[in-house]
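Here's the structure, in structure tokens; my notes come after.
Model, not experiment: these values are computed from the prediction. Side-chain atoms are counted along with the backbone in the values below, which use heavy atoms only and exclude waters and symmetry mates.
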Amino acid sequence: QVQLVESGGGLVQAGGSLRLSCAASGRTFSSYAMGWFRQAPGKEREFVVAISWSGDNTYYADSVKGRFTVSRDFAEDTVYLQMNSLKPEDTAVYYCAASSKLYRRLPYEVDYWGQGTQVTVSS
């Protein structure tokens, strides 16, 4: 079992930045590919980014490429999502996810979810 706890959400103006954190506990953090999804009101949950178990490989949705950066800290068992140049359309609840599969499969196969953190971008 893996427990995931997100933090760092909030309200920011368009063009601003936020950094989300996802603290993992339970089974070996380094055994899992990690990632982020988001869900806007009235929309389905969508994939944002995945990072491999080693941290060497990443995979971004086109909508955030060049603006968002994912990283993982093995000493802290934490995954970070640095979000820059935020847009109103980035407004959503952001969920941390863990997968025992290869990072490229994370959009389709998630083993554990966090509870979510709200990000609101005002225009």
Side-chain angles (χ1 to χ4, degrees):
Q1 191 80 356
V2 175
Q3 294 78 41
L4 304 174
V5 179
E6 303 99 330
S7 61
L11 173 65
V12 64
Q13 288 189 333
S17 298
L18 279 175
R19 188 177 79 157
L20 305 183
S21 300
C22 172
S25 61
R27 291 193 174 183
T28 308
F29 175 67
S30 60
S31 299
Y32 290 86
M34 300 294 295
W36 293 88
F37 290 72
R38 66 186 181 186
Q39 187 167 18
K43 295 188 176 182
E44 292 188 355
R45 190 173 298 189
E46 65 172 0
F47 167 76
V48 175
V49 63
I51 185 167
S52 63
W53 62 268
S54 68
D56 291 337
N57 302 101
T58 56
Y59 174 40
Y60 292 89
D62 288 343
S63 58
V64 304
K65 203 173 293 183
R67 299 188 298 122
F68 290 12
T69 303
V70 66
S71 61
R72 60 192 300 170
D73 183 333
F74 293 96
E76 299 293 330
D77 286 352
T78 300
V79 176
Y80 299 100
L81 183 63
Q82 178 67 43
M83 304 186 296
N84 298 328
S85 302
L86 283 162
K87 305 174 182 180
E89 50 264 45
D90 294 318
T91 295
V93 177
Y94 282 71
Y95 296 91
C96 182
S99 174
S100 57
K101 307 300 188 295
L102 293 177
Y103 75 103
R104 282 278 184 172
R105 292 299 304 169
L106 188 137
Y108 315 104
E109 299 183 65
V110 174
D111 295 300
Y112 302 101
W113 293 98
Q115 84 288 351
T117 185
Q118 177 70 49
V119 171
T120 303
V121 184
S122 63
S123 57

Start with the C-alpha distance between Lys65 and Asp62, add both sets of side-chain angles, then the distance that settles salt bridge (charged side-chain N to carboxylate O under 4.0 Å, His left out), and finish with yes or no.
-> CA-CA 5 Å; Lys65 203 173 293 183; Asp62 288 343; 3.0 Å; yes
Same cluster or not: are Tyr32 and Tyr59 linked, directly or through other Ile, Leu, Val, Met, Phe, Trp or Tyr residues, by side-chain heavy atoms under 4.5 angstrom apart?
-> no
Nearest heavy atoms of Phe74 and Gly55, plus distance in Å = CZ-N, 4.3 Å
Atom OH of Tyr108 and atom NZ of Lys101: how far apart are they, to the nearest 0.5 Å?
-> 14.5 Å
Which atom pair, heavy atoms only, marks the closest approach of Val5 to Gln115?
-> CA-OE1, 3.7 Å
Common cluster, Leu4/Trp53, ILVMFWY with side-chain heavy-atom separation under 4.5 Å = no
Validate the cation-pi geometry between Arg19 and Tyr80: distance from NZ or CZ to the six-membered ring centre under 6.0 Å, angle to the ring axis within 45°.
-> yes
Looking only at heavy atoms, the pair that brings Arg45 and Trp113 closest together is NH1-CE3, 3.1 Å
Could you tell me whether a side-chain N or O of Arg104 sits under 3.5 Å from a main-chain N or O of Ala50, the two making a donor and an acceptor?
-> no
Using only heavy-atom distances, determine whether the side chains of Ser99 and Glu109 contain a donor-acceptor pair under 3.5 Å.
-> no
Minimum heavy-atom separation for Gly8 to Leu18, with atom names?
-> O-CD2, 3.9 Å
Here the gap from Tyr103 atom OH to Ser54 atom OG, rounded to the nearest 0.5 Å, amounts to 9.0 Å
Kindly compute the distance separating SG (Cys96) from CD (Gln3), expressed to the nearest 0.5 Å.
-> 12.0 Å
For the side chain of Thr78 and the backbone of Ala23, is there at least one donor-acceptor N/O pair under 3.5 Å apart?
-> no
Val110 and Tyr95: CA distance, side-chain angles, deciding distance, side chain to side chain contact (heavy atoms under 4.5 Å, CB included) verdict = CA-CA 11 Å; Val110 174; Tyr95 296 91; over 6 Å; no
Trp36 side, atom CH2; Thr117 side, atom OG1 - distance, nearest 0.5 Å = 7.5 Å
Apply the test side chain to side chain contact (heavy atoms under 4.5 Å, CB included) to residues Leu86 and Gln13: give CA-CA distance (whole Å), side-chain angles for both, the deciding distance (0.1 Å), then the verdict.
-> CA-CA 8 Å; Leu86 283 162; Gln13 288 189 333; over 6 Å; no
Side-chain donor or acceptor of Asp111 paired with backbone N/O of Ser100 under 3.5 Å = yes
Report the C-alpha separation of Tyr60 and Val70 in whole Å, then their side-chain angles, then the decisive distance to 0.1 Å, and conclude whether the side chain to side chain contact (heavy atoms under 4.5 Å, CB included) test is met.
-> CA-CA 9 Å; Tyr60 292 89; Val70 66; 3.5 Å; yes
So, Arg67 side chain and Ser85 main chain: donor-acceptor pair closer than 3.5 Å or not?
-> yes
Within one Ile-Leu-Val-Met-Phe-Trp-Tyr cluster: Tyr94 and Phe47, side-chain cutoff 4.5 Å | no
Closest approach of Ala24 to Val2 (non-hydrogen atoms, all atoms of both residues) | CB-CG1, 4.5 Å
Residue among Leu81, Val49, Thr58 satisfying side chain to side chain contact (heavy atoms under 4.5 Å, CB included) with Phe68 | Leu81
Flag, side chain of Glu6 to backbone of Cys22, donor-acceptor distance under 3.5 Å = no
Nearest 0.5 Å, what's the CD-OG distance between Glu89 and Ser123?
-> 10.0 Å
Give the C-alpha distance, both sets of side-chain angles, the deciding distance and a yes or no for side chain to side chain contact (heavy atoms under 4.5 Å, CB included) between Asp90 and Met83.
-> CA-CA 10 Å; Asp90 294 318; Met83 304 186 296; over 6 Å; no
If every non-hydrogen atom of Gln118 is compared with every non-hydrogen atom of Ala92, which pair is closest and at what distance?
-> NE2-O, 3.4 Å
Within one Ile-Leu-Val-Met-Phe-Trp-Tyr cluster: Ile51 and Tyr112, side-chain cutoff 4.5 Å | yes
Check whether more than 12 heavy atoms from other residues, nucleotides or ligands sit under 6.0 Å from atom CG of Leu11, and answer yes or no.
-> yes
Between CG of Asp73 and CZ of Phe29, what distance do you get to the nearest 0.5 Å?
-> 8.0 Å
Transitively linked via ILVMFWY side-chain contacts under 4.5 Å: Val121 with Leu20?
-> yes
